[in-house]
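A quick write-up on the structure given underneath.
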Amino acid sequence: MDLFSTPAPESARQRVAELTRLLDHYNHEYYMNDRSLVSDYEFDALLRELVDLEHQYPELSLPTSPARRVGGEVNKTFRQVTHRFPMLSLGNTYSIEEIEEFESRTRKLLDGIPFSYTCELKYDGVAIGLTYRRGQLVQAVTRGNGAVGDDITANARTIATIPLRLQGEWPDDFEARGEVVYPFDAFEAMNRQREAVGEQPFANPRNAASGSLKLQDSAECAKRKLMFCMYFMMLPPDAPEGALPQYATHSARLATAGQMGFKVQPYIKECATIHDIKDFIDHWDRERWNLPFGIDGVVIKVNQTSLWDRLGTTAKSPRWAIAYKFKAERVSTPLIDVSYQVGRTGIVTPVANLQPVWLGGTTVRRATLNNADFIAKLGIHHGDSLLVEKGGEIIPKIVGVDLDKRPAGATPVQYATVCPVCGTTLVRPEGEAGHYCPNQDGCLPQILGHLEHFVSRRAMDIDSLGSERLRLLYDAGLVRNVADIYSLTRQSLVGLGEGTASSIQEKGADNILKALDVSKAVPFERVLFALGIRYVGEVGARKLALHFGNIDALMAATVTDLAAVEDVGEVTAVAVFDYFNNPAHRLIVERLRAAGLQMQAVDNRVGNQLQGLTIVVSGVFQHFSRDEIKASIQQHGGKASGSISGKTSYLLAGDNMGPEKRKKAEKLGVPIISESDYERMIGADGQK
């Protein structure tokens with residue numbers, strides 16, 4: 001508490017306690033029991049009163065306060081957290097025969113021990129783990145890679161179906177796992193709002209839920225009206241509660257969780273036989289579209305938790321559970337017309353504009369047609385009805401033509417010959433599937449795409465300049481290329497976009513200028529990647545930067561010189577040569593150099609212990625992220641490769657390593673080393 005603030009009077013403490021009790025009760029009844037005890041107006045008035053009191057007396061604001069549902073915490077970076085219990089993925093199948101094999105194998109392994117199964121819905125959302133201690137939510141973490149996830153606690157607190165404080169009796173320390181889903185009605189409402197203000201609608205509920213959990217401002221997450229569907233309660237192995245009847249089966253644990261205040265979906269059934277399991281699957285394959293949220297299958301688990309250890313796990317998934325995934329739904333809908341989108345690198349993608357159709361829980365209006373060859377292969381005609389599926393239940397994709405509905409006299413769709421934005425004649429390089437617009441410096445989508453790429457996290461990392469602000473700067477005539485960004489001044493920024501969501505005020509201008517200043521320390525290889533040269537990714541930029549050492553040597557290189565760089569082929573070499581042979585691009589480079597950007601590679605090696613060695617990395621590690629361990633290999637003189645060959649020196653294996661890589665390493669006689677072996681190789685004093 002601020003030493004100079006006024007201590008909260010007893011009346012304020014009592015009122016905060018009363019408001020907290022009321023709001024928790026109203027929330028519980030509304031979200032758990034579908035009962036509205038007060039109007040929205042009354043609820044909002046009580047919540048505003050609580051927010052005001054906690055603002056006036058900060059010492060009264062607790063992590064479990066209903067005011068946390070409003071959000072407001074800003075998280076610039078999401079801290080990575082190691083899961084106390086690995087979040088294993090389930091084995092998936094689309095085959096009933098494999099479900100029969102799972103059931104038969106389980107019965108054989110348990111050898112006469114009585115048991116049952118639970119069948120429940122497989123939610124189509126984002127898996128997270130919630131840690132509760134002494135009845136209070138203390139941490140929320142995404143699944144991540146199963147071993148390490150992102151801390152999203154501030155955003156999780158805004159989800160009304162995640163209890164901040166538990167009711168009744170509860171274990172002293174446990175983890176609740178489940179999926180965050182975007183209910184269809186809330187998803188559609190958010191898309192209508194976005195379209196009304198000229199923003200791009202979200203593609204699908206699952207991706208929108210995932211993006212919402214990673215919003216930096218928790219107040220924005222609160223607006224999304226996400227839902228948490230609990231499917232698992234994880235107790236520590238030595239927890240005394242584990243022996244109690246209410247924790248002895250999976251179904252009992254979920255029922256107990258409901259009494260604690262979790263919203264546990266009622267769609268769960270205890271099954272004794274394979275016939276019961278099949279009936280459950282068949283029922284929900286028919287009924288899934290009548291649910292208020294998306295599912296993509298059914299999960300079958302052994303119900304008795306004491307048998308889970310006996311059945312054990314494979315490297316990736318438990319043997320006591322399996323997921324049956326529904327096959328994609330297919331619909332036929334008329335093609336209205338074909339439009340064309342221009343990407344950052346100039347690639348032109350054809351898009352089918354469809355008569356809106358309900359598919360997989362969302363209204364589908366558009367789907368990609370990939371390229372000219374795809375259109376020709378399917379033989380798409382004007383006026384056709386197209387067959388649409390959802391790939392992986394997420395992205396709508398065209399899978400065919402409904403020939404029975406083709407109108408008489410229909411003519412084939414002819415691919416565009418000019419850019420739909422700038423009118424430049426399209427080019428299709430030999431051996432490539434796509435057409436592209438070569439007018440990279442004069443085509444608006446390419447200009448904006450290059451600007452967005454330049455400021456992105458893995459490039460210059462200028463997080464104060466998002467796509468809306470970049471468009472604002474472009475429309476104001478302040479920015480036409482990436483070098484213009486470093487000519488921005490406080491005077492030119494303040495007041496831009498007044499009255500819009502992307503407006504820039506004094507604090508915003510200061511943040512932009514500060515971020516620009518910080519970006520000048522970004523190393524040369526990332527500056528090179530940020531330029532957005534066609535075919536040059538992060539790895540290629542790093543190889544070019546280290547090989548040539550500085551921008552002048554790189555700009556002076558011939559195609560032959562460039563093609564001689566490891567992992568840089570002829571096509572990329574020509575693209576780099578052409579880029580730097582353009583006087584306008586050389587001028588941009590000179591302006592960036594004058595602004596103070598790094599144009600010289602820095603040798604960040606800390607030793608030569610791995611000189612001449614090629615190491616393939618696979619799996620999850622305790623002391624390194626995947627990016628960190630690859631960087632460490634390079635820092636010690638080695639080469640980090642993505643695939644195993646006869647030239648591979650070692651396979652560095654972490655937890656949950658893919659079995660195919662192990663098999664290939666053993667077949668080729670490639671030595672397999674552990675993380676601790678690697679640490680010994682780089683030396684006890686090696687920098688990680």
Side-chain angles (χ1 to χ4, degrees), residues 27 30-34 69 71 87 89-90 92 119-130 137 140-144 149-150 152-153 155-164 175-194 201-215 218 220-233 254 257-258 261-268 284-285 287-299 323-326 328-329 358-364 390-396:
N27 258 327
Y30 183 81
Y31 288 104
M32 308 302 168
N33 299 325
D34 296 322
R69 303 286 192 197
M87 291 187 77
S89 57
L90 293 181
N92 287 330
C119 288
E120 55 197 286
L121 307 183
K122 185 175 183 296
Y123 305 110
D124 191 17
V126 183
I128 65 170
L130 306 172
L137 175 68
V141 182
T142 61
R143 181 182 182 277
D150 292 324
I152 54 157
T153 308
N155 284 341
R157 286 196 180 108
T158 70
I159 300 174
T161 47
I162 292 179
L164 305 181
E175 185 175 331
R177 290 182 175 174
E179 299 261 331
V180 173
V181 299
Y182 212 144
F184 294 144
D185 56 353
F187 175 77
E188 292 287 339
M190 178 57 73
N191 269 351
R192 286 195 296 271
Q193 290 176 25
R194 293 178 68 84
F202 294 129
N204 58 78
R206 184 198 298 175
N207 284 6
S210 178
S212 299
L213 290 178
K214 297 301 291 292
L215 288 168
S218 60
E220 289 300 312
C221 184
K223 297 175 184 176
R224 301 291 171 87
K225 301 188 185 304
L226 302 174
M227 178 192 293
F228 175 71
C229 296
M230 182 177 172
Y231 60 64
F232 202 69
M233 181 188 289
L254 291 183
F262 290 96
K263 188 175 181 68
V264 178
Q265 298 298 335
Y267 318 107
I268 181 170
W284 285 110
D285 198 2
E287 293 296 318
R288 54 180 159 150
W289 308 121
N290 294 323
L291 290 166
F293 48 79
I295 65 170
D296 58 2
V298 165
V299 176
Y324 176 84
K325 298 198 73 172
F326 297 132
E329 186 188 21
W358 186 257
L359 176 65
T362 60
T363 301
V364 175
K390 275 204 173 179
E393 302 290 345
I394 303 177
I395 308 297

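Rounding to the nearest 0.5 Å places SG of Cys229 at 8.5 Å from CG of Leu121. To the nearest 0.5 Å, atom CH2 of residue Trp284 and atom CG of residue Asn290 are 8.0 Å apart. Within the model, atoms OG1 of Thr158 and CG of Leu215 stand 9.0 Å from one another, a figure rounded to the nearest 0.5 Å. Note that OH of Tyr182 is 9.0 Å distant from NZ of Lys225, once rounded to the nearest 0.5 Å. From Ser212, atom OG reaches atom CE of Met190 across 7.0 Å, with rounding to the nearest 0.5 Å.
With sequence neighbours excluded, the residues satisfying side chain to side chain contact (heavy atoms under 4.5 Å, CB included) with Ala257 are Met230, Met233, Phe262, Val264. Shown here are the side chain to side chain donor-acceptor pair (under 3.5 Å) partners of Asp150, two or more places apart in sequence or in another chain: Lys214. Every residue two or more places apart in sequence or in another chain was checked for a salt bridge (Lys or Arg N to Asp or Glu O under 4.0 Å) with Glu179, and none qualifies. Residues that satisfy the ring pair (Phe, Tyr, Trp, His ring centres under 6.0 Å) test with Phe293, not counting sequence neighbours, are Tyr123. Residues forming a side chain to side chain donor-acceptor pair (under 3.5 Å) with Gln265 (at least two apart in sequence, or on another chain): none. Shown here are the side chain to side chain contact (heavy atoms under 4.5 Å, CB included) partners of Ala323, two or more places apart in sequence or in another chain: Leu90, Asn92, Lys122, Val299. With sequence neighbours excluded, the residues forming a salt bridge (Lys or Arg N to Asp or Glu O under 4.0 Å) with Asp285 are Arg288, listed by chain and number. Considering only residues two or more places apart in sequence or on other chains, Phe228 meets the ring pair (Phe, Tyr, Trp, His ring centres under 6.0 Å) condition with none of them. Under the side chain to side chain donor-acceptor pair (under 3.5 Å) criterion, Thr142 pairs with no residue at all, not counting sequence neighbours.
Heavy atoms only, all atoms of each residue included: Tyr231 and Ala127 are closest at OH-CB, 3.8 Å. Thr363 and Glu188 make their closest contact through N-OE2, 3.5 Å (heavy atoms, listed as atom of the first residue, atom of the second, distance). The two residues Phe326 and Ile295 make their nearest non-hydrogen contact at CE1-CD1, 3.9 Å. Between Gly125 and Val181, the shortest heavy-atom distance links the atoms CA-CG1, 4.1 Å. Taking every heavy atom of both residues into account, Glu220 and Arg224 meet most closely at O-CG, 3.6 Å. Residues Gly129 and Glu175 come closest through the heavy atom pair CA-OE2, 3.5 Å.
At least one side-chain heavy atom of Leu291 sits under 4.5 Å from a side-chain heavy atom of Tyr267. In this structure, Val141 and Met87 have side chains that are not in contact, with every pair of non-hydrogen atoms separated by 4.5 Å or more. For the pair Asn155/Leu226, no side-chain contact is recorded, criterion being any heavy-atom separation below 4.5 Å from C-beta on.
Judged purely by atom type and a 3.5 angstrom limit, Thr153 uses its side chain to pair as donor or acceptor with the backbone of Ala140.
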- side-chain contact (heavy atoms from CB on, under 4.5 Å) between Ile128 and Ile162: does it pass, once the steps are laid out? CA-CA 11 Å; Ile128 65 170; Ile162 292 179; 4.2 Å; yes

